[in-house]
**Student:** 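I am attaching a structure below and will ask some questions about it afterwards.
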Amino acid sequence: MNEAKLLPQEYYLSTDVVSVAKNLLGKHLVVSSNGIKTSGAIAETEAYRAPDDRACHAHLNKFTKRTKTMFEPGGTAYIYLCYGIHHLFNIVTAPQGTAHAILIRATSPIEGWETQQLRRKIPKHKYDISNGPGKVSQALAISKQYNGTTIFKEDDAIQIWDHGMDIKPSRIIAGPRVGIGYARESCNLPWRFRIKDNPWTSKPNHVFYPDWPTVDTYGNSI
DNA sequence: CACGGGATCGTCT
DNA sequence: GACGATCCCGTGT
């Protein structure tokens with residue numbers, strides 16, 4: 001097995017946000033908050049790309065107090081409040097001035113299962129521990145306090161680690177993004193990616209898994 | 001399981 | 001003053 005590697009800033013400077021969104025599948029999202037470390041393997045992502053993408057907050061490079069984080073250099077956390085309740089975590093990509101970002105929509109728990117279950121207030125062995133963007137943030141204790149912080153330095157609270165477990169293209173399912181019906185001609189772009197047969201991704205995928213799975217994000221027995 | 005509505009507040013018009 | 005890149009719970013089938 002390869003040695004785990006903290007993704008460097010160069011990884012996030014790509015101008016191909018759609019490819020990076022796919023490549024992030026299987027990487028580990030690691031959060032250290034108040035001395036407690038929890039992590040999950042990324043199972044579902046969505047790409048957002050200014051200026052052309054109408055679903056992107058920075059459509060037409062709209063620059064506001066909220067969107068200014070998206071214009072930061074790749075490797076910055078973009079976290080905003082959704083529906084007044086949910087803190088959604090995104091990773092900014094591309095060089096400074098280009099507002100691209102990737103929404104992390106689902107993770108499968110790796111480190112700190114118990115902690116994640118407690119934060120989510122759910123019993124053990126439930127898929128909805130982190131199969132949605134708001135749930136991911138609740139399980140991993142991500143909140144707006146980290147908006148604008150970097151995610152590639154050794155002591156950053158939020159990091160992405162590569163464990164050398166790339167997801168084969170044949171195991172990546174692409175589809176339209178969720179909840180952006182208002183985005184008109186952008187609403188059908190297949191920029192949502194999830195790992196095939198992974199029960200921790202958001203609906204409708206998980207309904208096919210009534211039982212606790214016997215394989216992990218990578219297809220290995222657990 | 002499908003559907004509908006309420007929660008709740010920062011952001012932008 | 002309106003509206004979300006959502007979630008949860010209740011209802012009905």
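Protein chains get the first letters and strands the later ones, always in sequence-line order, with residue 1 at the start of each. Model, not experiment: these values are computed from the prediction.
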**Student:** Could you state the OH-P distance from A:Y127 to C:dC7, rounded to the nearest angstrom?
**Tutor:**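 Between P of C:dC7 and OH of A:Y127: 18 Å.
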**Student:** Give the rounded distance in Å between these two atoms: CZ of A:R192 and C1' of C:dA5.
**Tutor:**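 Roughly 11 Å, once rounded to whole Å.
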**Student:** How many whole angstroms separate atom CG of A:L60 from atom P of B:dT13?
**Tutor:**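 For the pair A:L60 CG and B:dT13 P, the rounded distance is 12 Å.
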**Student:** Kindly point out which of B:dT13, C:dA5, B:dT8 is positioned nearest to the side chain of A:I85?
**Tutor:** B:dT8
**Student:** The side chain of A:R105 lies closest to which of these nucleotides: C:dC7, C:dG4, C:dT6?
**Tutor:**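 Taking heavy atoms from C-beta onward, the closest nucleotide is C:dT6.
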**Student:** Do the side-chain N and O atoms of A:R119 and A:Q138 include a donor-acceptor pair separated by under 3.5 angstrom?
**Tutor:** no
**Student:** Can you see if the side chain of A:R66 gets near the phosphate of C:dG4 - specifically, an N or O under 4.0 Å from OP1 or OP2?
**Tutor:** no
**Student:** Provide the Watson-Crick or G-U wobble partner of B:dT8, both distances under 3.5 Å; none if there is no partner.
**Tutor:** none
**Student:** Classify the ring geometry between A:Y12 and A:F152 as parallel (under 30°), tilted (30 to 60°) or perpendicular (over 60°).
**Tutor:** tilted
**Student:** Taking only the side-chain heavy atoms of A:L88 (C-beta and beyond), determine which of C:dG4, C:dT6, B:dA7 contains the nearest atom.
**Tutor:** C:dT6
**Student:** How long is the span from the CZ atom in A:R177 to the OH atom in A:Y48, to the nearest 0.5 Å?
**Tutor:** 5.0 Å
**Student:** In the structure shown, which nucleotide is the Watson-Crick or G-U wobble counterpart of C:dA5, with both distances under 3.5 Å?
**Tutor:**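 By the stated definition (distances under 3.5 Å), nothing pairs with C:dA5.
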**Student:** Using a heavy-atom cut-off of under 4.0 Å over every strand shown, decide if A:L81 touches base, sugar-phosphate, or nothing.
**Tutor:**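 Sugar-phosphate contact only - A:L81 comes under 4.0 Å of backbone atoms but never of a base.
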**Student:** Tell me the interatomic distance from A:N131, atom CG, to C:dC8, atom P, rounded to whole angstroms.
**Tutor:** 9 Å
**Student:** Among C:dT6, B:dT13, B:dT11, which nucleotide has an atom closest to any side-chain atom of A:H86?
**Tutor:** C:dT6
**Student:** Can you tell me how far apart OG1 (A:T67) and NE2 (A:H57) are? Round to the nearest 0.5 Å.
**Tutor:**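 Reported value, rounded in 0.5 Å steps: 9.5 Å.
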**Student:** Expressed as a whole number of angstroms, how long is the span from A:Y48:OH to C:dG4:C1'?
**Tutor:** 12 Å
**Student:** Counting the atoms with a prime plus P, OP1 and OP2 as sugar-phosphate, which does A:R54 contact under 4.0 Å by heavy atoms, base, sugar-phosphate, or nothing?
**Tutor:** nothing
**Student:** Using atom CD of A:E44 as one end and atom P of C:dT6 as the other, report the distance to the nearest whole Å.
**Tutor:**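 These atoms are roughly 10 Å apart.
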**Student:** Mapping A:N90 and A:I122 to their closest nucleotides on DNA chain C, which lands nearer the 5' end?
**Tutor:** A:N90
**Student:** Are A:Y83 and B:dA7 stacked, counting the six-membered base ring, centres under 5.5 Å, planes under 30°?
**Tutor:**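 According to the criterion (under 5.5 Å, under 30°), no, A:Y83 does not stack.
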**Student:** Would you call the rings of A:H163 and A:H28 parallel, tilted or perpendicular if under 30° counts as parallel and over 60° as perpendicular?
**Tutor:**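 It falls in the parallel class, under 30°.
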**Student:** If you compare every side-chain N and O of A:K144 against the phosphate oxygens of B:dT11 (OP1, OP2), does one of them come in below 4.0 Å?
**Tutor:** yes
**Student:** In whole Å, what is the span from the CG atom of A:N147 to the C1' atom of B:dT11?
**Tutor:** 13 Å
**Student:** Return yes if the base of C:dA5 and the side-chain atoms of A:H57 contain a donor-acceptor N/O pair under 3.5 Å, otherwise no.
**Tutor:**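 Looking at the base of C:dA5, it does pair with a donor or acceptor on the side chain of A:H57 (distance under 3.5 Å).
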**Student:** Just checking A:L103: base, sugar-phosphate only, or nothing, at a heavy-atom cut-off of under 4.0 Å?
**Tutor:**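 Result for A:L103 = base.
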**Student:** Go through the steps for A:D16 and A:R49 under the test salt bridge (charged side-chain N to carboxylate O under 4.0 Å, His left out), then give the verdict.
**Tutor:** CA-CA 9 Å; A:D16 186 354; A:R49 190 182 74 184; over 6 Å; no
**Student:** Please report, rounded to the nearest Å, how far the P atom of C:dA5 is from the CZ atom of A:R49.
**Tutor:** 19 Å
